[in-house]
*Asks:* 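I have a structure I would like to understand better, so I am pasting it below and will then ask my questions one at a time.
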Amino acid sequence: MKRFLKRAGILLGVFILGVIGTSLLMNNKMTDNRSEMNNPVLPEVMISVDDVLTNRMCGYYQKMQGDFMRDSITPLDASKKLTVVVNPYETRVESLSYEVRTTDGSKVIENKKLSSLAKEEGYLWADIELEKDLRMTQEYSLQITLETEEGPVYFYTRIVQRSGLNTKEYVAFVENFAKKCLDKGFSDDLGNYLETDSSSSGENFYQVDIHSSADLVTWGDLSPEIYQEGIPTIKDINETTGSISMEYLISAKDAQGYQELYFVKEFYRLRYTEERIRLLDFERTAEQIFSGSHIQVSDTGLMLGVTDRKVSYVSDKTGKSVAFVQQGDLWEYQIESNKIERIFSFRRGISESDFRDSRSDHNIKILRVSKSGNVDFILYGYMNRGVHEGCMGISVCHYNSDQNMVTEKAFIPSTESYDFLEQGLDKLCYMNKNNQLFMLSGGNLYQVDLAECSYEILQESIQEDCFAASETGACAAWAEEMSLYDSKTVVEMDFDEQKSRTIKAEKGQRIRVLGFMNEDLIYGLASEGNLNPDQNGNRTFAMDSIRIEGFDGTVKKEYQESGEYLTNVDISPTLMTLEISRKSGNSYQPVRKDNVMNNKKVSAKKVEVELLTSSRQGIQIRLAFEEPINNKDPLVVYSKMEMGEENQIDLEPTRPRSEVYYVYARGSLMGSYLEPARAIQAADENSGVVLNRAQQYVWERGNKKTKIQLNLADVPDAFQRGILDQDELQENLGEKGQVMDLSGCSLDSVLYEVSAQRPIVAKTGEDTSVVIVGYDQYNTYLYDPVTKEMKPYGINDSTELFAKEGNVFFSYVENIKE
């Protein structure tokens, strides 16, 4: 009997321990299961420039639109050789092949397969020597394909053959500059490259530029160390300047000894001179990675640390649950349950981490937060790991707070680059009460039914200047004609009710979408006669009235100024600023401004962003809550993931309009424009470049020859005749190129076209014109179509002559031929 009781006791003890162990294990899974995503498996590809690794590329399982993959450019010298370096990680690479295409992607120039790769220090190496001739200064798309055990993986860069580049020197400068920033002993040395402005902001590590102090550039009192080294990425390079970016991680210790990690992005614009390299522009952002290891909660808020003050966050109506995005991760804080949840992150544990965790070509948009803490959101961009690793796309997700589970509702793959994907979703991404998603992608407005995994295109060829959405995204409006100055009809749509209405301008008027205040549309009306170009060729949408109007057509407010015009409107979430001008000829001179406060928006906030400062970290960001926080030690939990491939929605591929002009500056896409003149003006303001649909350079800041004179025999006949009508010029030019109206640009700007071997027709009188065929430091060289003579004309006199007639200029860009 005693033996029986002893055995029963042992079994009971084992049972109890088993229950306790199982319970602990389940609780551990609920609170600390970092992710159910697979570890990343894809290799990385880099380019060796004189034994220095550059242009780190991530891999894709899908073929992308190579003509829009502009993350890096690889310069070639006369030998047309480049060295490809592969970091395979744990993946077996069987072979490497490459394909060179024209920038518009229409023609394959060369392709080849390399079956053997050299191995050295864990990397694979391959030398590529192009056989086909390439046009000097013309870019091409290079697709590198690795055959792996999981199938082909694609990598993209651009290549260009140009002479007189200083790639090696630029790359070395960037690496050296970044390292010196970590050593206070180099403050004076680095200060020689800066243009420190006393009016620049104080200790703000998130926003550092060439005008910052040497102390701030060398990290003030933060005392960081390199945690994960970066690799320079060449963004643009020509005979005059080079633009390079770099991303890396640094670490620092706080007063309690806790480790902080910061993701750093730097951009350099450089010019090579015989004396030294000149730093034309420098920008750096440092964003502290929000971590569950050391959460700082005070009576009134949650500390986010060093980050952008424009925090992406959404709270429920009570302000007791708030979801926020930090450095590509999604978190939620629930005050009542005193719980901080990491809803989504690609990051792994510190011991497992490599650069694939840190890729920044993705973001998260929060769609809504419920009172119970449930969150609907989209993850968009490059998928670092998981079932969609190596794909670009949009993952529509729902987070259930009670179950601590993220479920993917749909995955929408995309062949657009991250820049283009982000540009559309920044404009509009909204989910209505019926779980239908409305979004801009590829220039189209889509309605996606998540339950049926189907979609509908509501409007094609949306132009960003002719479109606006309310801050919530519940309403949007667009000009039906997609024209800035010639639209007569605006369409507005309510996505919750799935209803639309049209607003028509009266005869002799034009209409423009300006934005929204809350869910009320703001639009302007202008008389046709007030839209003529001024003496510099610029047009102003001078409005007779501006209306704030509800969806039912009720005019909430209307602004009119007798004898004056409304020429510009700036709309922020809390304020609308009106610029009021008077007319003089065809010009409008601003005389004053008027402000309209959005009182509803101001009074509705229950969660706000606060700025704090410390001597070590400078400006820090805190989320402040209306609800008081009593417990300063929140529970940190990590969500589970449930993602699959059966809910994929494939959108029909679309191609942008042929007349779109893209502005790239500071290493990324800044905007797209229908008018080349407006694109050039934007690029000039931001030290950028302009490309057309075929990805040809239309304009580059700072890459103009000091002097040039074209051979008149090479000037197309229509341009020799000085025709000032764009349609007639295009008809005569035919398939040779695309005519561009550059009216409104300065003479200095349009001379870039002459530098690029393109003549310019310029207006000099009511019915007269000249052809600009050259320039030097002192003169332009003008060809008279009537006398058929070419004469020098002083630069200052030329500037005055063309400005007097409205700076009316026409040039063209050649169609690609191979």
Side-chain angles (χ1 to χ4, degrees), residues 532-539 585-587 661 675-681 683-684 690 692 697-701 703-734 736-815:
N532 296 321
D534 63 16
Q535 66 272 15
N536 293 318
N538 297 314
R539 298 176 74 182
N586 287 329
S587 298
Y661 296 86
E675 302 164 351
R678 293 187 66 236
I680 289 172
Q681 290 164 352
D684 193 20
V690 179
N692 62 4
Y697 281 99
V698 170
W699 191 87
E700 298 173 88
R701 172 70 179 268
N703 190 32
K704 188 178 67 178
K705 296 180 176 68
T706 55
K707 61 180 180 179
I708 190 173
Q709 191 163 326
L710 306 184
N711 187 342
L712 194 61
D714 296 330
V715 176
D717 177 67
F719 280 79
Q720 285 193 36
R721 289 188 281 139
I723 296 172
L724 283 168
D725 182 270
Q726 184 174 358
D727 293 336
E728 188 176 350
L729 277 172
Q730 188 63 64
E731 183 179 350
N732 280 269
L733 191 63
K736 294 179 181 178
Q738 179 68 42
V739 174
M740 300 183 297
D741 183 353
L742 304 181
S743 298
C745 293
S746 67
L747 173 62
D748 183 64
S749 288
V750 299
L751 287 180
Y752 169 87
E753 306 305 329
V754 182
S755 176
Q757 306 284 328
R758 302 164 188 155
I760 299 168
V761 177
K763 184 177 180 181
T764 57
E766 187 65 31
D767 296 306
T768 59
S769 64
V770 294
V771 186
I772 307 176
V773 293
Y775 64 87
D776 57 27
Q777 185 178 355
Y778 306 104
N779 299 293
T780 58
Y781 291 88
L782 309 180
Y783 173 76
D784 189 323
V786 177
T787 65
K788 302 190 184 307
E789 294 179 343
M790 183 173 62
K791 294 181 179 179
Y793 203 71
I795 286 286
N796 293 335
D797 293 334
S798 298
T799 301
E800 183 179 347
L801 171 66
F802 301 136
K804 184 179 178 182
E805 297 301 324
N807 276 346
V808 177
F809 301 113
F810 293 95
S811 188
Y812 68 94
V813 62
E814 313 80 3
N815 288 334

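Start at 1 with the first residue, then count along the sequence. Keep in mind that the numbers below use all heavy atoms, side chains included, and drop hydrogens, waters and symmetry copies.
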*Asks:* Considering all heavy atoms of both residues, which atom of V750 and which atom of C745 are nearest to each other, and what is their separation?
*Replies:* CG1-CB, 3.7 Å
*Asks:* Restricting to side-chain hydrogen bond (donor to acceptor under 3.5 Å, both in side chains), what partner residues turn up for S769, sequence neighbours left out?
*Replies:* none
*Asks:* Name all residues meeting the ring-ring contact (aromatic ring centres under 6.0 Å, His included) criterion together with Y781; count only those two or more places apart in sequence or in a different chain, and write none if there are none.
*Replies:* none
*Asks:* Nearest 0.5 Å, please: how far is CZ in R539 from CZ in R678?
*Replies:* 11.5 Å
*Asks:* With sequence neighbours left out, write down each residue that passes side-chain hydrogen bond (donor to acceptor under 3.5 Å, both in side chains) with K763, or none if nothing qualifies.
*Replies:* none
*Asks:* With sequence neighbours left out, write down each residue that passes side-chain contact (heavy atoms from CB on, under 4.5 Å) with S587, or none if nothing qualifies.
*Replies:* D534, Q535
*Asks:* Any pair with a residue in residues 709-719 that passes salt bridge (charged side-chain N to carboxylate O under 4.0 Å, His left out), sequence neighbours left out, goes on the list, sorted by first then second residue, please.
*Replies:* D717-R721
*Asks:* Does E800 have more than 12 heavy atoms from other residues, nucleotides or ligands lying within 6.0 Å of its CD?
*Replies:* no
*Asks:* Are the side chains of L782 and V773 in contact, using a 4.5 Å heavy-atom criterion?
*Replies:* no
*Asks:* Not counting sequence neighbours, list each pair that qualifies as a ring-ring contact (aromatic ring centres under 6.0 Å, His included) and has a residue in residues 782-807.
*Replies:* F802-F809
*Asks:* Kindly say whether L712 contributes a backbone atom to a donor-acceptor pair with the side chain of Q720 at under 3.5 angstrom?
*Replies:* yes
*Asks:* Residues two or more places apart in sequence or in another chain: which of them pass side-chain contact (heavy atoms from CB on, under 4.5 Å) with P676?
*Replies:* Y661, M740, L742
*Asks:* Taking ring-ring contact (aromatic ring centres under 6.0 Å, His included) as the definition, give me every residue that meets it alongside F810, ordered by chain and number, with sequence neighbours left out.
*Replies:* none
*Asks:* When you measure from the side chain of N732 to the backbone N and O of E728, does any donor-acceptor pair fall under 3.5 Å?
*Replies:* yes
*Asks:* Under the side-chain contact (heavy atoms from CB on, under 4.5 Å) rule, what do Q738 and Q730 come out as? Steps first, then yes or no, please.
*Replies:* CA-CA 7 Å; Q738 179 68 42; Q730 188 63 64; 3.5 Å; yes
*Asks:* In the structure I gave you, are the side-chain heavy atoms of I723 and V761 within less than 4.5 Å of one another anywhere?
*Replies:* no
*Asks:* Please report the shortest heavy-atom distance between P759 and V771, naming the atom on each side.
*Replies:* CB-CG1, 4.0 Å
*Asks:* Which heavy atom of A762 sits nearest a heavy atom of L724, and at what distance?
*Replies:* C-CD2, 4.3 Å
*Asks:* Output the distance between atom CG (N779) and atom CG (N796), rounded to the nearest 0.5 Å.
*Replies:* 10.0 Å
*Asks:* Test: salt bridge (charged side-chain N to carboxylate O under 4.0 Å, His left out). Region: residues 771-793. Which pairs qualify, not counting sequence neighbours?
*Replies:* E789-K791
*Asks:* Quick one: are L747 and T780 in side-chain contact, heavy atoms under 4.5 Å?
*Replies:* yes
*Asks:* Please list all pairs passing the side-chain hydrogen bond (donor to acceptor under 3.5 Å, both in side chains) test where one or both residues lie in residues 744-759, with sequence neighbours left out.
*Replies:* E700-Y752, K704-D748, S746-S749, E753-R758, R758-E814
*Asks:* For Y775, which residues count as a side-chain hydrogen bond (donor to acceptor under 3.5 Å, both in side chains) partner, sequence neighbours excluded?
*Replies:* none
